[in-house]
Each structure stands twice: as structure tokens, then as C-alpha cells.
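Accompanying notes for the structure given below.
Worth knowing before you read on, the calculation uses all heavy atoms, side chains too, and leaves out hydrogens, waters and symmetry mates. All ligand and atom numbering here is 1-based and tracks the order in the structure.
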Amino acid sequence: MLTRSAMLATAALLVLGSGAAAQTPVRIVVNADLGETTISKYIYGQFGEDLGRNIYDGFWTRAGTGQWHLRDDVIEALRRIQVPVLRWPGGCFADYYHWRDGIGPREQRPKMVNTVWGGVTEDNSFGTHEYLELIQRLGADAFIVGNVGSGAVEEMSKWWEYLHAPTGSPLGDERAANGHPEPFNVRFWGVGNESWGCGGAMTPQAYADNYRRYAEYLRGAKPFRIASGPNTDDYAWTETMMREAGSRIDGLDFHYYTVVGSWAHKGSATQFGEGEWFGAMQKALRMDTLIARHSTIMDQYDPGKRVWLIVGEWGMWHDPEPGSTPGFLYQQNTLRDAVVAGLHLNIFNSHADRVRMANIAQTVNVLQSVILTKGDSMVRTPTYWVFDLYKVHQDATLLPLNVRSDAYTYGGQSVPAVSASASKDKDGRIHITLVNLDPNRGRAVQVDVRGQRVSSVSGRVLTAAAMNADNTFEQPNAVQPADFTGARLSGGNLTVDLPSKSVVMVELR
Ligand code: AHR
């Protein structure tokens with residue numbers, strides 16, 4: 001069995017002199033017969049908060065008649081990347097949302113002001129039934145976050161009951177009258193969001209006590225109970241939650257964003273130089289350390305790894321696009337975001353024994369979106385295409401691998417140039433995803449595949465000439481995957497010519 005550190009896809013930084021680095025190939029060893037851990041498909045999850053134009057004007061749009069409906073093109077695009085789960089209604093909005101406002105005849109629902117995001121008035125036309133219709137059409141699983149911060153235990157308990165109670169009971173009959181006699185299939189249940197901040201500003205001890213109380217009244221159907229987890233490196237939060245409530249928690253929802261500048265001045269999504277590119281890679285790589293440290297704490301209380309570490313919010317957070325409503329968090333998405341996404345997903349795979357779900361923030365028109373919309377037009381972002389390349393890992397067996405990469409150096413600081421992850425699917429196909437963080441130089445990668453004979457190789461590559469290449473409404477297909485011709489097989493040895501600033505998926509049979 002390889003050690004944990006040997007399995008890390010982004011490990012083994014070998015800093016060489018620049019002359020030697022130019023000559024030295026990156027080496028990867030894949031142990032194709034030693035896989036033990038399944039990469040949960042939920043690692044490829046999404047997050048659709050009622051924020052900006054994510055739900056209203058994203059998933060949910062008005063026809064010419066003024067009638068709201070789910071947007072077919074968005075759903076079709078998301079089905080292609082096999083979205084396994086969609087977290088909703090927040091985020092911070094979850095601890096402000098009262099579910100009863102979003103059921104019953106739409107024209108009778110109360111309007112509300114979204115004071116959390118942008119101060120806009122919404123008509124509550126997208127509520128529980130609409131979300132669950134979206135889930136069903138996506139072929140995904142639901143993940144609802146209940147209101148702890150401004151809601152009562154009774155309110156959350158009744159929402160759960162409304163979803164699951166049989167007809168013949170008061171809430172089951174009310175659900176049936178609203179058009180759904182069968183109980184809904186909702187299992188993933190968040191007990192508040194960021195309860196250390198916008199979800200109630202609680203201390204870990206106060207939240208642990210509240211968590212136990214709220215989770216206790218989720219009765220009838222069995223929930224998969226997800227506790228609000230730590231912010232970034234708040235290890236005391238993880239420690240307290242696992243100690244005080246660990247036996248009642250099924251998932252701990254940890255959040256970390258890649259912010260290149262400061263929270264006040266994050267930096268532009270599209271106008272940046274190599275310094276901001278490098279900074280993004282450095283900040284993104286921090287995810288690996290954070291997961292390792294939170295996992296170590298969880299291991300003390302849960303050595304059997306029953307409790308999932310869920311990375312419920314992750315991704316690049318830039319300054320909003322000039323001219324957009326600041327509270328809507330609308331940002332463009334470039335090749336830099338795509339490389340950061342590939343890096344994160346490789347990291348999550350490498351921790352698949354503990355990380356069983358992750359939800360990129362967010363799906364449509366908010367932060368590191370996979371889809372942008374404007375009127376009837378829709379754009380698949382570079383990040384979307386990374387999810388398309390990586391869907392082969394969903395529920396496949398993680399293959400232990402060792403990466404020895406030279407460094408990508410900028411301004412006297414270094415990160416490993418190459419990140420990789422490998423898995424074997426149920427048909428025995430091996431998939432290796434590779435990311436070259438270096439925007440200036442390609443890498444020759446030698447891959448030694450051990451433990452399985454392979455005879456053919458194919459692949460797809462996502463790259464572009466410019467670091468800030470993006471897909472716009474005028475040029476929606478500027479950045480998209482192409483067939484990859486840079487992989488050659490000779491015996492069990494694979495050579496991959498990895499272009500600079502690229503994400504590659506290689507399939508071996
Ligand atoms: O994703 C945007 C916000 O970031 C979420 O609402 C909140 O949970 C986090 O702070």
C-alpha cells in the first residue's frame with residue numbers, strides 16, 4: 001500500500017535549476033491494480049443559490065407570455081456533464097429563506113426582498129416543487145439547506161415532513177394538493193450554512209448545540225445530516241463539531257474560495273498578468289493542505305471515515321464584472337479558472353476516502369459558473385469543459401499514483417508544474433487527468449502504468465493561446481476541448497506532451 005503522501009497527485013515537488021528543468025521530464029507512476037477507494041460522483045456537484053441571476057434569469061426564466069419556466073438549454077448542457085447533485089437554496093440565502101413562502105399557487109405566493117444578495121424583490125415563484133422538478137430533469141440528487149440562522153426548529157422540521165410524509169397526513173395532503181402526491185426523494189439535508197458567519201454568527205460550541213437540536217427533529221424519513229463546517233483553516237470549528245456532535249453528523253460542509261487578491265480587492269476575472277495567474281495556482285493548491293488538516297482532525301473522532309468531508313463551496317472568487325450589480329457576484333470565466341478547476345478536482349479525487357462531495361460555487365451566472373446566460377443566449381465557460389473532461393472519474397476507482405514534477409516558478413516562488421489524477425471505470429478503462437499550471441512552457445510527461453496491460457490511448461485537451469481566453473456571447477466556443485494528439489503509447493509506457501496552461505484527459509484501454 002502506498003503512503004498517503006505518495007498518493008497525492010500534486011505532491012513530490014522537485015525543484016531543479018531552470019536549465020535542468022527544461023530537460024527533465026515529469027514522471028508519473030500509476031498503479032492500475034492497487035485501487036481501493038471509489039471517487040464519489042458527488043465530488044462533481046454544483047451549487048445553485050438564490051443569488052443574482054443564478055435561479056431567477058438563470059435556471060428559471062420568463063417566456064414571452066410572462067410565465068416562468070425551467071430553461072431547457074441550461075438543463076441540457078448540465079445533463080451532458082452529469083451533474084450529480086445541486087445544493088440549494090444557499091449559501092447565506094438559506095438562513096434567510098422561509099420555505100412556506102415558496103409553495104402553493106405561484107400568483108398567491110408572497111413577494112420578498114433578497115436582502116442577502118442585491119436587495120432585489122423576488123416573487124418566490126421558484127420554490128420547493130420547482131427545485132425538485134429541476135433536480136428530476138437534471139437526473140441529479142437534491143441537497144437542501146435548511147434555515148437555522150433566522151428560522152425555528154419547527155420550521156425546518158415541518159419542511160422535512162412536508163417533503164416526506166405520506167398522503168393521509170396533514171403535510172402529505174398539502175403537498176399532494178400542491179401537485180405532488182408521492183413523497184419527494186430528498187436525502188442530503190444541510191442544517192444551516194456557514195453558521196460561523198452569515199448563518200447566525202455562532203461560536204462552534206453554540207452551533208454544535210443548535211445542530212444537535214435541529215437535526216434531532218428531522219424525523220420520519222432518514223436524512224443524511226450535513227452540518228455547517230469550517231471556514232478555510234478554522235480547525236477549532238472542525239474539532240468542536242466532531243467532538244460535540246460527530247456521532248450525529250453524516251457530512252461536514254467545509255468552504256474555501258480561491259481569492260487572488262484580498263477580500264476587498266480580489267482582482268479582475270479577465271484582466272490579469274502572470275502574477276495573478278501564479279497567485280491563483282498558489283491559493284488553489286492550499287485546498288490540499290486544508291483538506292489534509294481537517295481530515296486529520298476528523299480521523300481522531302471518526303477513524304472509520306463514516307463522516308463525509310463535503311467541500312460545499314469552492315472556486316475562484318473575482319471582483320464582479322464592471323457594470324454588473326455588485327451583489328449579484330457575476331464574473332467572467334477564463335482558462336485560468338479552468339486550470340484552477342482541474343487542479344481542485346484532482347485534489348478532491350486524491351482525498352476521495354474522506355471527501356465524498358464538493359459543490360463548485362456556483363452553477364449559472366454567479367462566481368465560477370459553468371454556464372453564463374444573457375437573454376436567450378447561453379455560454380459554456382472553460383470551467384464547464386473541465387467538468388465535461390472529468391466526468392469519467394465519477395464513481396470510478398481511484399488509482400494510486402505518484403507524481404514527480406519539476407517546478408513552475410514565478411517571482412522567486414514555486415509550485416509543482418503538473419498535477420494528475422487517475423481512475424479505473426467499471427469497464428476497466430483507465431482515465432488520467434493532467435493539469436499543467438505553467439502558462440509559459442509545456443511539459444513532457446512520462447507515465448509508467450503498472451499492473452494492467454494497455455494497448456490504446458486517446459484523449460481530449462482544453463487550452464488556449466492566452467491565459468485569459470474566455471467564451472463570450474459573441475464567441476461562445478473560443479475555449480473548448482479538442483482531440484488530443486500528444487499522447488503516445490509504447491509498451492506500458494505512455495508519453496504525454498502536455499501543452500502549457502492546459503487540462504488534459506487521457507483514456508487508456
Ligand atoms: O457563494 C457565495 C456565498 O459565499 C455563499 O452564500 C456563502 O455561503 C459564502 O460565504
Side-chain angles (χ1 to χ4, degrees), residues 45-56 58-59 85-97 112-120 122 126 131 143-151 188-202 207 211 226-234 237 251-264 266 269 283-284 287 290 309-321 324-333 337 340-341 344 357-372 381 383:
Q46 296 282 331
F47 174 28
E49 181 167 9
D50 182 2
L51 193 180
R53 297 189 306 110
N54 197 339
I55 301 294
Y56 295 93
F59 284 111
V85 62
L86 178 71
R87 183 173 180 256
W88 174 83
C92 295
F93 185 78
D95 285 283
Y96 180 69
Y97 182 61
M112 65 167 302
V113 177
N114 188 337
T115 57
V116 192
W117 300 115
V120 284
E122 295 170 353
F126 189 94
Y131 165 69
F143 173 1
I144 293 181
V145 181
N147 182 342
V148 170
S150 69
F188 296 123
W189 193 266
V191 180
N193 167 75
E194 295 194 354
S195 303
W196 39 264
C198 64
M202 292 178 234
Y207 175 64
Y211 171 84
I226 298 171
S228 171
N231 178 24
T232 311
D233 56 357
D234 186 350
W237 186 277
L252 190 65
D253 181 4
F254 152 64
H255 296 176
Y256 170 66
Y257 284 95
T258 299
V259 178
V260 176
S262 63
W263 278 99
K266 301 179 188 72
K283 296 274 180 78
M287 180 62 91
L290 293 168
L309 183 59
I310 293 173
V311 188
E313 292 184 27
W314 67 272
M316 295 205 73
W317 193 326
H318 307 293
D319 288 337
E321 280 303 299
S324 66
T325 306
F328 281 13
L329 311 186
Y330 177 78
Q331 62 190 43
Q332 244 299 3
N333 194 295
D337 296 83
V340 162
H344 272 85
M357 188 192 291
N359 309 78
I360 189 168
Q362 301 192 7
T363 311
V364 190
N365 296 325
V366 172
L367 300 180
Q368 192 175 342
S369 304
V370 294
I371 285 175
L372 304 175
T381 65
T383 300

Residue part near ligand 1, for Val116, under 4.0 Å between non-hydrogen atoms: neither
Report yes or no: does Tyr257 have a heavy atom closer than 4.0 Å to ligand 1? yes
No-hydrogen, no-angle side-chain donor-acceptor test under 3.5 Å, Asn359 and Gln46: no
Just to be sure I read this right, does ligand 1 sit under 4.0 Å from the backbone of Trp314, its side chain, both, or neither, counting only heavy atoms? neither
Using ring-ring contact (aromatic ring centres under 6.0 Å, His included), reason through Trp237 and Tyr207 one step at a time and then give a plain yes or no. CA-CA 9 Å; Trp237 186 277; Tyr207 175 64; 5.5 Å; yes
Set of residues satisfying ring-ring contact (aromatic ring centres under 6.0 Å, His included) with respect to Phe93, sequence neighbours excluded: Tyr97
Identify the closest protein heavy atom to atom 9 (C) of ligand 1: which residue and atom is it, and at what distance? Glu313 OE1, 3.0 Å
Test: Arg53 cationic atom under 6.0 Å from Tyr330 six-membered ring centre, within 45° of axis: yes
Contact check: Glu194 vs ligand 1, nitrogen or oxygen atoms, below 3.5 angstrom: yes
Distance under 4.0 Å to a non-hydrogen atom of Leu367: what atoms of ligand 1 satisfy this? 1 (O), 2 (C)
Parallel, tilted or perpendicular: which one describes the rings of Trp317 and Tyr257, with boundaries at 30° and 60°? perpendicular
Can you tell me which portion of Val366 lies within the under-4.0 Å heavy-atom range of ligand 1? Options are side chain, backbone, both, or neither. neither
First locate atom CE of Met316, then atom CD of Gln368, and finally report the distance between them rounded to the nearest 0.5 Å. 7.0 Å
Closer than 4.0 Å to some heavy atom of Gln362 - which atoms of ligand 1 meet that? 1 (O), 2 (C)
Checking contacts here: is it the side chain or the backbone of Trp117 that comes within 4.0 Å of ligand 1, counting heavy atoms only? Could be both or neither. side chain
N/O separation below 3.5 Å, Asn193 to ligand 1: yes
Any idea how His344 and Trp314 line up, ring-wise: parallel (<30°), tilted (30 to 60°), or perpendicular (>60°)? parallel
Polar contact flag for Cys92 and ligand 1 (N/O pairs, less than 3.5 Å): yes
For Asp253, salt bridge (charged side-chain N to carboxylate O under 4.0 Å, His left out) partners two or more places apart: Arg87
